[in-house]
Every structure is written in structure tokens, then in C-alpha cells.
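Proteins get letters first, then strands, A, B, ... in listed order; numbering begins at 1 in each.
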2 protein chains.
Amino acid sequence: MNLPNASLPTLTTDVVPFAIRGERLEVLLARQTTGWGLPGGPVGVDEDLDVAARRQLAEQTGLPEVYLEQLYTFGRPNRDPARRMVAVAYFALIPIASGSVGAPVAGDAVRWAAADGLPPLILDHGEIVAVARRRLAAKLLYSTIALQLMPERFTLSELQAVHEIILGEPLDKRNFRKRVLTLECIEATGELARHSGRRPAQLYRAQHPGQVELIR
Amino acid sequence: MNLPNASLPTLTTDVVPFAIRGERLEVLLARQTTGWGLPGGPVGVDEDLDVAARRQLAEQTGLPEVYLEQLYTFGRPNRDPARRMVAVAYFALIPIASGSVGAPVAGDAVRWAAADGLPPLILDHGEIVAVARRRLAAKLLYSTIALQLMPERFTLSELQAVHEIILGEPLDKRNFRKRVLTLECIEATGELARHSGRRPAQLYRAQHPGQVELIR
DNA sequence: TGTAATAGTGTTAAAATGACACTAATATAA
DNA sequence: TTATATTAGTGTCATTTTAACACTATTACA
């Protein structure tokens, strides 16, 4: 059986790459032919969807192995006016040391943008980012997913800040520490973070890096 | 631009139609060319994914308007040995009056099967059903999705039984009633269900039929 | 009229949550 | 060297939520 080409939508993957940079949730955008959008593109023949998403993220942004999760598939017929496109959307979480801005992004083909206050994006990429943000915030409440945004070693204050930024509300320091420590998903390293002009903090690390556990 | 056909995966939607029949969670299967599987098939040119899923469910099973939710997109390269197929999976919830078996299904092209103890299904449809079951059970705990499995009027005992069947564990009657009534998602109709040989029960109805609300 | 069957109803102990304020340790500047 | 600024770190208690638990009410039918 060989259907005519017109009856087959083009299948793409698009990735929402999130990171906490500075004190904000940011998204890494890639310049596409018609404007700024999410890293992504056509799925290869015989290429797994996850593999395609990871490949496109790597090719277009240079980002190495990161946490990746399928989000939703967007297939409204006219989401691309030029031709039928169906996008399997993913989100990625990129660990960045707090105070750092992460690895420099290559050239002017990519740029970081605050998740609040994105520039106009191509197609329905703005909507995809919005769905991804909601999902990320929801998962904070019942999983250890925030650890995927942390560097290898981090302080409890930094972890709390990540939660606060994504949830958009302040959290109680003592309650936060109590909860996260009883979860036993992180462990103290014994090392201290030495900042400037203040008491040094214990450094922690994830007990199961790369894994996201459901809690409650 | 016209890419060669081989580079475009065939896109399908597949639907897991759930219902509570008798005392079990069941799935409505459709006979496909190579064996029993989920209702589904190719997405039409310029057809929305949700529309395609609903159309295929209606065409292959005769089921009318039901609750439908996108589940996950399955795209492992060799999930179909014959050709590259990517399936956007949905699940559907079909309300059936308890004690009834629902509308008769047409001919021998469809059959109900218990979600435990499905026959061997084509491709990865068994896996799709497994993912859908997990999602359904999870959503019971934080949404009013179970109402989509209930007929227009139902008793609290029937609603509790639906929860117990899907969760696979007994629930406390008084705690269940307390919780569901304080949610204010259902209301008493004033009518009574008259069974045989026992006290009649109040009939309730959903306050917002068709809508699923998040709770907690 | 008695029996079988399901409907319907509150209380209490335990656990989880959420609010709340002070001391400790360091770097730096005076 | 000492004072100050800055963040780290720590516990209690009231409130709310959850979970366990058993009896009476109403009907159909024998």
C-alpha cells in the first residue's frame, strides 16, 4: 500500500528546554527559518520519537544529555499555514549552577528568553511553552523532578529557590527543608558552599541522579 | 516540496475505550486486519487529532459522543514490523448504567474484554492499554474523571464501586461519601433508585456533565 | 410479619500541614 | 579586632486532614 504523499502529515518533535538562569525560569529558543521557535524538526525515518527530540535539541543548541519527557502532541490542522504538521512536544530540564548562566550557547542561532515575556514565537510554540510550564509546575508537587534542574551539588536554599521560581510563590524555609529531607531523595555531601560574605551552606546531591520519583 | 513517501511515518490515532461493565473494567476491542486491537487508524488529511480519534471510535464501534483524552504518543520505529507507524493514543470513558451491559455492539467486528486478561493484541496495543489504565487510576485520585463513566443518574454506592474497581481496593463507605459530597461535583436529584429486595437509594447526577475538574 | 439486602449516618484518634522567630557562621569593612 | 551584613540552620504548636470504625433505616419478598 502506498498512500499519496498529501495524506501523510509531516511529523516533527519540538522541545521546550527549561532552565533556571539567574532568578528566572527561561526557555532556550532556536532561530528557525520563519522566526524564533522551539528547537525541533522532522522525525527521521525509523527514528524513535525520544531519540529525534534529543537529537534535535543537541544539534540546534549543543546541549548534552538532559532530562527529557514527552508532553503532548499538537496536531491542529492549521497550526502551520504552509503544510500539515503534527508536533510531538517534549520538555527538557537543563541543570545550571545557580549564579551561573550555563554553557554559552553557540552563535546567534539560539537565545535564552524568560518564560514570562517570550518574544512572539512561530506557529503554536507559545502555546506549547504554556502547556509545558503548567505541567512542570504540577509535577513539582508530586515528584522529585526539580532535581533535574539542579547541578551536581547544590544547597537547600538553591533548591528552594527553584521551587519558588517555578511555582511563583514563596515557600516556608523550615517546612520546605523538613519535607525534602524526609523524602530521602537527596543526601548531604559533607562539603560546604563558600559564598562571599555569609555563612557557608551544606552541599547536597541527588541520590538517584537522572531519575524522577513520584512522591506522596 | 514533496518528500519521498518513505520519509514520512504514517500517523494514526488509537483509542482505549474504557467502561465499567458488570463488576469489571473492560476495554472495547475492534477487529483489525491482523487481529484484535484498539479502535483506530490513519489520521485524515487536515483532520484534527481529537477529531480523528472520535471519528474512528464512532466508525468502528458505533459509540456516540464520549469523554476523550489524549494519552501518549507511541512511536518506537518497529512497533509495526510492516511499516513506520506513529500512534497518538487516546482513552475514552463510556458511561454504562450499572447492571446493564451498555448498548449492544454491532456485529463481530468489536468485542468487550476485561482490562485484566485481555487477549493478545496487535502491535503494542497491550502496552497502550496498560499506560491508559495507570493514567485513569492516577486521575481518580485528583479529579472528578470517574463521573464520565457514570450514567446520567447513579447512586453513591455505584460511584464508589467504580472507584473500587479501577483502584483495585475497597474504600470506606462513610469516608467516600463524605469526600465526594463535600466536593460539590454531584447533586441529589430527589429521585430514588428502586432495586429488588432492598432499601432504595438516592439518585445523584453530575453538576457539570462532560467536565472533569481537578481537586485537592 | 419476619428476613434478607443494601442505604445511610458521626465520632475519634492519628497524621499531615502550615504558621511562626531566633541563633550560627562566615566575609567584609570600619 | 570588632562590628555589621548576610545567609544558614533549627523546633514547636495549633489546625486541618485523614482513616478507622458499627449501627439503624428502608425496602422487597417469602
Side-chain angles (χ1 to χ4, degrees), chain A residues 20 22-23 97-100 138 140-144 150-151 153-165 167-205 214-216, chain B residues 20 22-23 97-100 138 140-144 150-151 153-165 167-205 214-216:
Chain A
I20 304 291
E23 303 294 296
S98 87
S100 151
L140 276 197
L141 303 178
Y142 65 90
S143 79
T144 60
M150 308 306 293
R153 319 237 147 163
F154 53 88
T155 69
L156 291 182
S157 296
E158 287 161 2
L159 183 59
Q160 180 177 345
V162 167
H163 279 79
E164 289 174 331
I165 290 165
L167 295 176
E169 63 186 17
L171 300 174
D172 180 87
K173 198 208 291 196
R174 283 175 289 194
N175 293 338
F176 179 81
R177 288 159 117 88
K178 205 188 312 169
R179 189 162 58 82
V180 79
L181 289 175
T182 58
L183 284 180
E184 300 188 343
C185 55
I186 61 174
E187 59 193 1
T189 62
E191 300 161 290
L192 295 179
R194 308 202 143 263
H195 310 276
S196 164
R198 52 194 211 261
R199 175 173 177 179
Q202 270 294 328
L203 283 172
Y204 288 80
R205 70 171 150 244
L214 302 183
I215 57 190
R216 278 204 184 184
Chain B
I20 304 291
E23 302 295 296
S98 88
S100 150
L140 276 197
L141 303 178
Y142 64 90
S143 80
T144 60
M150 307 307 293
R153 319 237 146 161
F154 54 87
T155 70
L156 290 182
S157 297
E158 286 161 1
L159 182 59
Q160 181 177 345
V162 167
H163 279 79
E164 289 174 331
I165 289 165
L167 295 175
E169 63 187 16
L171 300 174
D172 180 88
K173 197 208 290 195
R174 281 174 290 190
N175 292 339
F176 180 81
R177 288 161 117 88
K178 205 187 312 169
R179 189 162 60 80
V180 80
L181 289 175
T182 58
L183 285 179
E184 299 188 344
C185 55
I186 61 175
E187 59 193 3
T189 62
E191 300 162 289
L192 295 180
R194 308 204 143 265
H195 309 277
S196 164
R198 53 193 209 260
R199 176 174 177 179
Q202 271 293 329
L203 283 172
Y204 288 79
R205 70 173 148 242
L214 300 183
I215 57 189
R216 276 209 181 178

Does B/Ser196 make a side-chain N or O approach to OP1 or OP2 of D/dC29 shorter than 4.0 Å? yes
Note: A/Pro151 and A/Ala97 closest approach over all heavy atoms is CG-CA, 3.6 Å
What is the distance from CZ of A/Arg179 to P of D/dT10, rounded to the nearest Å? 17 Å
Assuming nearest nucleotide by heavy-atom distance, tell me which of A/Asn175 and B/Leu192 is located more 5' along DNA chain D. A/Asn175
Closest non-hydrogen atom pair, B/Val162 against B/Met150: CG2-SD, 3.5 Å
Using the C1' atoms of the five pairs at each end, what is the angle between the end axes of the helix from C/dT1-D/dA30 to C/dA30-D/dT1, to 10°? 10°
Write down the atom of B/Gln202, the atom of B/Leu192, and the distance for their closest heavy-atom approach. NE2-CD2, 3.8 Å
Roughly how many Å is it from CD in A/Glu23 to P in D/dT7, rounded to a whole number? 11 Å
Can you measure A/Arg216 atom CZ to D/dT17 atom P for me and round it to whole angstrom units? 12 Å
Value in whole Å for how far the P atom of D/dT26 lies from CD of B/Gln202: 13 Å
Between C1' of D/dT26 and CZ of B/Arg199, the distance in whole Å: 5 Å
Closest contact, heavy atoms only, B/Ser143 versus B/Ile215: N-CG1, 3.6 Å
Between A/Tyr204 and A/Leu181, what is the shortest heavy-atom contact and its length? CE2-CD2, 3.9 Å
Atom pair CG (A/Leu171) and CZ (A/Arg177), whose distance is rounded to the nearest 0.5 Å: 12.5 Å
Taking for A/Lys178 and for B/His195 the nucleotide of DNA chain D with the nearest heavy atom, the one nearer the 5' end belongs to A/Lys178
What is the distance, to the nearest angstrom, from the CZ atom on B/Arg198 to the C1' atom on D/dT27? 10 Å
Rounded off to whole Å, could you give me the CZ-to-P distance for the B/Arg174 and D/dT17 pair? 20 Å
For B/Pro170, run the side-chain contact (heavy atoms from CB on, under 4.5 Å) check against B/His163, B/Glu164, B/Gln160 and tell me which one passes. B/Glu164
Round to the nearest Å and state the distance from B/Asp172 atom CG to D/dC23 atom P. 15 Å
Shortest non-hydrogen contact between A/Thr155 and A/Ala201, atoms and distance: CG2-CB, 3.7 Å
Counted 5' to 3', the first and last nucleotides of DNA chain C within 4.0 Å (strictly under) of a heavy-atom of chain B are C/dA4 to C/dT11
Are any side-chain N or O atoms of A/Thr182 and backbone N or O atoms of A/Arg179, one a donor and one an acceptor, separated by less than 3.5 Å? yes
Under 4.0 Å, counting only non-hydrogen atoms across every strand here, what does B/Arg177 touch: a base, just sugar-phosphate, or nothing? base
